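Below is one structure, written out as structure tokens, with a few remarks after it.
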2 protein chains.
Amino acid sequence: MTEDPMSEPASRTSARRTTIYDLAALAGTSASAVSAVLNGTWKKRRISARLAEKILHLAAEQGYSVNLQASVLRREKSNIIGMIMPKYDNRYFGAIAEEFEIRARARGLFPVITCTRRDPDLEFEAAREMVSYQAEHIVATGATDPDRIADFCRAAGVASINLDLPGAAAPSVVSDNFGGSRDLARLMLNRRRGPLLFIGGRPTDHNTAERIRGFRAAHAERGIDLPESAILACGYAAEKAERALAARGGPLPAGLFVNSTITLEGVVRWLRRTAPDSTTEIGAFDWDPFAALLSDVVAMVEQDVTRMLDEVFRLIDAAPDPALRIEVPTILRARP
Amino acid sequence: MTEDPMSEPASRTSARRTTIYDLAALAGTSASAVSAVLNGTWKKRRISARLAEKILHLAAEQGYSVNLQASVLRREKSNIIGMIMPKYDNRYFGAIAEEFEIRARARGLFPVITCTRRDPDLEFEAAREMVSYQAEHIVATGATDPDRIADFCRAAGVASINLDLPGAAAPSVVSDNFGGSRDLARLMLNRRRGPLLFIGGRPTDHNTAERIRGFRAAHAERGIDLPESAILACGYAAEKAERALAARGGPLPAGLFVNSTITLEGVVRWLRRTAPDSTTEIGAFDWDPFAALLSDVVAMVEQDVTRMLDEVFRLIDAAPDPALRIEVPTILRARP
DNA sequence: CATGTGTGCTCAATCGATATAGCATGATTG
DNA sequence: CAATCATGCTATATCGATTGAGCACACATG
């Protein structure tokens with residue numbers, strides 16, 4: 001096919017990549033024609049079907065693929081949608097990542113997810129980098145400092161949305177943490193005598209605050225007085241929970257309300273080690289298939305990832321008020 | 001500061017982004033000088049510290065951020081490293097994603113991970129898209145058709161590496177699936193009378209084949225004859241495992257060797273439902289913190305993600321022979 | 001005072017793709 | 001037969017950042 005034996009695609013490993021100019025030379029036509037054919041605008045640009053076919057053929061033969069860097073630069077449209085993610089180590093965030101990618105791709109967007117391990121500076125740097133790549137939307141999931149990201153994005157003209165943890169500077173989609181927590185605490189108080197012990201999370205973070213509020217509400221309904229010591233917001237990490245329980249002392253409560261699956265890892269490890277015969281029951285926020293099968297876990301609160309992402313993409317289409325906050329109901333999964 | 005009141009960054013929401021030309025005009029200098037200052041080459045390019053400071057100040061004030069699309073196009077160096085990931089729904093892949101990002105960033109690379117749900121066409125499309133974004137390396141994790149991706153990458157002059165599942169067309173980093181599997185089966189056969197039942201995975205996939213080989217080897221060592229019916233490679237999905245077990249009939253074996261945590265979900269669900277009092281013991285490939293706490297799970301094989309990624313990045317530096325295959329030992333985690 | 005050296009910048013081409021404007025043809029119409 | 005129109009293309013400017021070449025000036029040296 002090709003005259004020049006040096007230009008065979010198979011042998012060209014580290015050589016220059018094929019461009020529309022190479023294809024134009026091979027087809028004996030112009031770069032504009034090649035571009036029009038390859039990006040699908042050729043009908044509109046009145047390129048003959050004959051030439052289009054020839055170019056398409058050559059492109060396939062040469063293993064051509066667009067330089068999106070050049071394309072995006074020229075079009076001033078990247079179709080990139082970024083997501084900032086705290087961790088990949090639990091099913092909740094894993095499901096968010098997966099569903100996010102599916103939906104983004106279904107809309108012809110290129111999803112870019114990055115994991116920032118709850119580090120505010122890394123979160124911000126990641127957002128900055130996505131903006132530099134001309135991302136058109138940024139979804140900040142569980143961001144420690146969502147408003148810093150949202151303000152930066154707004155200044156750069158990039159739409160941003162908060163997910164999981166709300167912010168004031170961009171629209172937010174969050175679970176009904178209050179309701180979910182209250183329902184879980186109610187269920188546990190129906191089974192065992194309170195007060196329960198709340199463990200895990202950061203007292204400064206909105207979700208933890210809301211869940212504590214729901215936890216308190218369920219106790220208040222039953223007229224149970226809740227001492228300050230019943231709330232152990234020791235952070236999310238498993239080791240922090242183990243240390244907090246060890247430091248706590250005193251008898252175990254009838255029920256443990258655990259604020260996340262990561263915290264639950266530490267709690268269960270500690271229980272198995274220090275009180276293997278305890279009859280304490282456990283309820284936890286977020287759902288995990290194996291945790292749900294543990295004998296002492298009586299219920300888990302699943303966040304409705306599908307509905308949350310439906311809302312996220314609705315907001316992406318709508319460009320709504322930054323103060324908007326959408327609360328999605330949770331699903332209580334009790335042991336049968 | 002600014003003469004023109006219309007160019008205040010706060011009010012410029014959807015307006016054009018600030019470019020080096022805007023900054024040059026504001027600073028009364030040239031775009032080249034601005035570029036040199038902002039990308040750190042200004043000392044080499046003999047720009048005065050005074051001007052550098054002025055430009056830096058202006059850039060911060062205007063909320064400037066580079067257009068990496070333009071920068072990459074000109075530099076012909078993207079610093080993008082892509083990873084293709086089958087799923088985000090288990091700890092193994094989650095840990096790979098997280099460690100990959102940490103290492104990539106430590107090297108000044110921009111990590112882009114995408115999840116392709118074990119769909120060969122999606123895997124390929126994702127690779128193609130990353131190549132279009134001028135990614136410099138692509139790590140194909142657990143790819144269904146790694147050679148198709150590797151061939152494509154090679155033709156485009158992009159280095160690729162296989163992780164978790166090996167291929168012939170690019171260097172591969174995999175676990176010692178044979179050894180891990182044999183050790184797990186040995187441990188189970190030390191506790192209970194064989195033969196065990198192997199369940200989960202795809203018979204065509206390299207890892208499953210190797211694990212079956214290890215499983216057989218452990219039985220052979222003890223002189224246990226293994227019937228064909230002792231291998232149920234029914235796919236990874238949890239539901240497939242449940243269906244396969246239901247269809248199997250006959251008494252339960254003394255031990256179940258489960259080929260992945262996803263399969264394990266189905267196996268445990270089915271056991272709890274149909275044989276809640278069974279004394280069958282379970283061993284599984286991959287580690288999960290909650291699964292490890294289930295009463296009937298006696299051991300799990302953890303893949304050494306840290307060492308695997310060490311090897312991946314060593315290969316990225318070394319550009320080795322495509323036929324190279326590195327096997328990383330696994331870690332057997334038995335119930336204490 | 002011619003020559004050399006160092007400093008501090010600017011100019012202009014370039015990366016690859018896209019899109020606007022326009023130029024040849026040939027066919028159609030009044 | 002001139003004017004109009006449709007068809008099928010090409011030429012060229014452009015997106016924003018980078019970079020090799022080079023210019024202007026100051027100062028030193030023989």
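Chain letters run A, B, ... following the sequence lines, proteins first and then strands; every chain starts at 1. Keep in mind it's a predicted model, so treat the numbers as computed, not measured.
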ask   = Should B:Phe110 and A:Tyr133 be marked as a ring pair (Phe, Tyr, Trp, His ring centres under 6.0 Å) after you check the CA-CA gap, both sets of side-chain angles, and the distance that decides it?
value = CA-CA 10 Å; B:Phe110 183 69; A:Tyr133 277 111; 4.7 Å; yes
request  = Count the heavy atoms belonging to other residues, nucleotides or ligands that lie under 6.0 Å from CD of B:Glu125, then report whether that count exceeds 12.
outcome  = yes
Distance, rounded to the nearest Å, where [X] contributes [atom1] and [N] contributes [atom2]:
| X | N | atom1 | atom2 | result |
| --- | --- | --- | --- | --- |
| A:Arg17 | C:dC15 | CZ | C1' | 13 Å |
| B:Gln134 | C:dC15 | CD | C1' | 10 Å |
| B:Leu73 | C:dA13 | CG | P | 17 Å |
| B:Tyr133 | C:dA17 | OH | P | 14 Å |
| B:Tyr21 | C:dA12 | OH | P | 12 Å |
| A:Leu23 | C:dG16 | CG | P | 12 Å |
| A:Arg75 | C:dA19 | CZ | P | 8 Å |

task = Hey, could you give me each pair passing side-chain hydrogen bond (donor to acceptor under 3.5 Å, both in side chains) that has a residue in residues 313-324 of chain A? Not counting sequence neighbours.
result =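 Only A:Arg107-A:Asp317, A:Glu311-A:Arg314 qualify under side-chain hydrogen bond (donor to acceptor under 3.5 Å, both in side chains).
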Residues [X] and [Y]: side-chain donor-acceptor under 3.5 angstrom:
| X | Y | result |
| --- | --- | --- |
| B:Asp164 | B:Tyr92 | yes |
| A:Arg105 | B:Thr114 | yes |
| B:Glu123 | B:Thr144 | yes |
| B:Arg75 | B:Ser71 | yes |

ask   = Nearest 0.5 Å, what's the CZ-OG distance between B:Phe152 and A:Ser65?
value = 4.5 Å
Please tabulate the protein-to-nucleotide N/O contacts below 3.5 Å involving nucleotides 24-28 of chain C, giving atom names and distances.
none

message = If you take any heavy atom closer than 4.0 Å to DNA chain D, which residues from residues 41-55 of chain A end up in contact?
response =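 DNA chain D contact set from residues 41-55 of chain A: A:Arg45, A:Arg46, A:Ile47, A:Ser48, A:Leu51.
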inquiry  = Could you tell me the boundaries of the chain B footprint on DNA chain D, defined by atoms under 4.0 Å from its heavy atoms?
reply    = D:dG16 to D:dA21
salt_bridge([X], [Y]) N-O dist < 4.0 Å:
| X | Y | answer |
| --- | --- | --- |
| B:Glu98 | A:Arg117 | no |
| B:Asp147 | B:Arg154 | no |
| B:Arg103 | B:Asp310 | yes |

inquiry  = Is it the case that the base of C:dT14 and the side chain of B:Arg74 share a donor-acceptor contact (distance under 3.5 Å, atom types as modelled)?
reply    =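 Yes.
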query = Going by heavy atoms closer than 4.0 Å, what residues in residues 27-40 of chain A are next to DNA chain C?
reply =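 Those residues are A:Ser32, A:Ser35, A:Asn39.
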task = Just jot down the salt bridge (Lys or Arg N to Asp or Glu O under 4.0 Å) partners of B:Glu76, sequence neighbours excluded, or say none.
result =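 B:Glu76: no salt bridge (Lys or Arg N to Asp or Glu O under 4.0 Å) contacts found.
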query = Counting only N and O atoms by type, is there a donor-acceptor contact under 3.5 Å from the side chain of A:Thr116 to the main-chain atoms of A:Pro86?
reply = no
